[in-house]
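So the structure is just underneath, and the comments pick up after that.
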Number of protein chains: 2
Amino acid sequence: MNIHQLEYILAVDQFKSFSKAADYCHVTQATLSAMVKKLEEQLDIVIFDRKANPIATTENGREILIQAQQVVAHANALLSSSKAINQKVEGRVKMGVIPTIASSMLPLILKHLVEKYPLLQLEVYEVTTNQLIKDLREGKLDVGILSTPIASTEVETELLYVEDLCVYGHLPAGSRSIAKADLAKQRMFLLQEGHCLRDQIIQLCDLKKNKSLPSNLSVESNTFDTLLNLVDEFSGLTVLPALYVGQMSEARKSHLIELTDGALTREVSLAYYRPYAKWNILNRLKAEITAKVNERLHFQALS
Amino acid sequence: MNIHQLEYILAVDQFKSFSKAADYCHVTQATLSAMVKKLEEQLDIVIFDRKANPIATTENGREILIQAQQVVAHANALLSSSKAINQKVEGRVKMGVIPTIASSMLPLILKHLVEKYPLLQLEVYEVTTNQLIKDLREGKLDVGILSTPIASTEVETELLYVEDLCVYGHLPAGSRSIAKADLAKQRMFLLQEGHCLRDQIIQLCDLKKNKSLPSNLSVESNTFDTLLNLVDEFSGLTVLPALYVGQMSEARKSHLIELTDGALTREVSLAYYRPYAKWNILNRLKAEITAKVNERLHFQALS
DNA sequence: TATTTGACATAGATAAAATCTATAACAGTG
DNA sequence: CACTGTTATAGATTTTATCTATGTCAAATA
């Protein structure tokens, strides 16, 4: 017994004709005939009196048809549900974002998201990359936004966008541009240990250790704001993600330094450990984020 | 989507394990795994979080499972119904019986049937063969009991039993036996036109026309009782079915005449035009009738 | 009463699917 | 780091559904 067979007998009962029922079900009359026969054999119940004109449903057949109605109705309900589920974006989603992305990216998307999906209960946590991966694995977070590549192979990632990294600060003799290779020679200020952007910049610029500072002063910061103040104060350099640069004051933007040989970039990606649990919602989020961010980055590139 | 797939996800949800669910469903783990995956793809909904330990049902999955429960429950209900239907013998059955069978066979079975199947509403009509076939075709009767073979090919028949035909009456010189070929030479009394037994005897005994009787007297009868009185009165012969003979008085039995060369027989069969509409009931009837009649015929043969 | 027609059944071929065995991949555990 | 238990995957096989073509049968028609 299968659902198709039940649909077939419902159609025969409705049209009082095998051939019309076959048309209705988009199969040949031969197929429908064989399937009805098979069902009758399996149930050991003759459902239709083929000699009656028009075809009649037997008494036993009627009882079977009532039940078949139920089965088919519920099967259709299931199918409808599945479609409805795929439409809706609702329920709790716990999202972790690393700080260097959170500060600039979240303002860009959050308002839009909560307005567009009022049933979506979005909970955002700012955590470091390592913590984020741990929380994903433990199920404390549904999704993370971080910078790739990452060491962990357990967590899957999907690229959201590639973001330029901009050099900010003060060069000797008021120069406004520099080659990548020369960055390591400058006094470079970085975020504290634990921020992956720090490690990326060290690798990208091949910085072994920071340029000499007054030895009684260890200068590291947790936020770009503080970092910029330090850079201005001590006349050094730092590297900022493009989205952060986009929201700086015009005064600060004037201290941006051009790279003479290409650009520094980082990848920003969605990360999940259980990619499927809230697959449809996460897919929407992904689409919304890339749309908003690319719109912004494109706008900045023009201005 | 099919019912098996729904059963599979219900089992996984229940056992929180693909392999245990597979055992439960009597399929291999590979099959169950593939089927669950296929269903998830068709619905575009991930039902299980396989990375959770033990396996967890996703939020969307839970909604699907609730519906699946319904579908499977109703499908099982349908299957149960079909079994129940096959057990029960109830409802109206309209049965036509030709007179030469009715008189002797019905008393044998009717009491037993109505007691054994109290929900069976058996309606019995005594009609001639031709009328019976007509009524079957028109749906006025569900089943008939008659003597085969019959000319009609539209009506299907199933042999119930073969009944001996016994010669009764008075031979010259008080002889107690006769050869078949000599029957035609005797004065033979028969039932009226329309009784198929009449035609069968005419054919079996090769009677062209009846032996001379007083020309101002046409002697035919509608019942064996009358016929026997005529036979006794006019000192002729007639032919009676074994079951009728079985219920005759001992006095009458003493006038039975032995055939020296084998026996005359007729077939008694069930006939239907719509063999399937009440198939299970008719099958029961068939079994009950053959059991009772053969029991009786066997008993008579011994005595 | 022969013929045509309309409808369901059947046969054989083909396509689709479910299932199996064997094995890989992978997470958790000692 | 190997071992164990669990799910996924690949490939072969069996089963099932479906199609086309044709048969059968009864009712309508000439």
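Because the structure is a prediction, the values reported are computed rather than measured. In what follows, chains are A, B, ... by sequence order, proteins preceding strands, each numbered from 1. Just so you know, these numbers use all the heavy atoms, side chains as well, and skip hydrogens, waters and symmetry mates.
Regarding A:Ile3, its CD1 atom lies at a distance of 15 Å from the C1' atom of C:dA17, rounded to whole Å. Taking atom CE on B:Met35 and atom P on C:dA16, their separation rounds to 16 Å, with Å as the unit. With rounding to whole Å, A:Met1 atom CE is found 18 Å from D:dT15 atom C1'. One can place CD1 of B:Ile55 at 12 Å from C1' of C:dA27, the figure rounded to the nearest angstrom. When the P atom of C:dA9 is taken as reference, atom CG of A:Leu39 falls 13 Å away, rounded to whole Å. For the pair B:Asp23 CG and D:dG5 P, the interatomic distance rounds to 14 Å; values are reported in whole Å. The distance between atom NZ of A:Lys51 and atom P of C:dA9, rounded to the nearest whole Å, is 11 Å. What separates CG of A:Leu32 from C1' of C:dA7 is a distance of 13 Å, to the nearest Å.
With sequence neighbours excluded, no residue forms a side chain to side chain contact (heavy atoms under 4.5 Å, CB included) with A:Ala34.
An OP1 or OP2 oxygen of D:dA27 is reached within less than 4.0 angstrom by a side-chain nitrogen or oxygen of B:Arg137. B:Gln5 has a side-chain polar atom (N or O) that falls below the 4.0 Å cut-off from OP1 or OP2 of C:dA18. Taking 4.0 angstrom as the limit, A:Asn2 places none of its side-chain polar atoms (N or O) nearer than this to OP1 or OP2 of D:dT16.
Remark: side-chain polar atoms of B:Ser19 are not paired, donor with acceptor, to backbone N or O of B:Gln29 under 3.5 angstrom.
When each of C:dC8, D:dT18, C:dA7 is scored by its nearest atom to the side-chain atoms of A:Lys20, the top-ranked nucleotide is C:dA7.
The list of salt bridge (charged side-chain N to carboxylate O under 4.0 Å, His left out) pairs with a residue in residues 23-36 of chain B, not counting sequence neighbours, is empty.
Residues B:Thr28 and A:Ser19 each lie close to DNA chain C; by heavy-atom proximity, the contact nearer the 5' end of the strand is made by A:Ser19. Annotation: of the two residues near DNA chain D, A:Lys38 and B:Lys16, the 5′-most nearest-nucleotide partner is B:Lys16.
Checking A:Glu267 against A:Ser147 by side-chain atom types alone, no donor-acceptor pair falls below 3.5 Å. Between B:Asn222 and B:His195, the side chains place a donor N or O and an acceptor N or O closer than 3.5 Å (distance only, hydrogens not considered).
Heavy-atom contacts from other residues, nucleotides or ligands closer than 6.0 Å to CZ of A:Phe15 number more than 12.
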Find every protein N or O atom lying less than 3.5 Å from an N or O atom of nucleotides 8-11 of chain D, and list the pairs.
| unit_1 | atom_1 | unit_2 | atom_2 | d |
| --- | --- | --- | --- | --- |
| D:dA8 | OP1 | B:Arg50 | NE | 2.2 |
| D:dA8 | OP2 | B:Ser33 | OG | 2.4 |
| D:dA8 | N7 | B:Gln29 | NE2 | 2.9 |
| D:dA8 | N6 | B:Gln29 | OE1 | 3.1 |
| D:dT9 | OP2 | B:Lys37 | NZ | 3.0 |

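A heavy-atom distance below 4.5 Å is not found between the side chains of A:Ile47 and A:Arg62.
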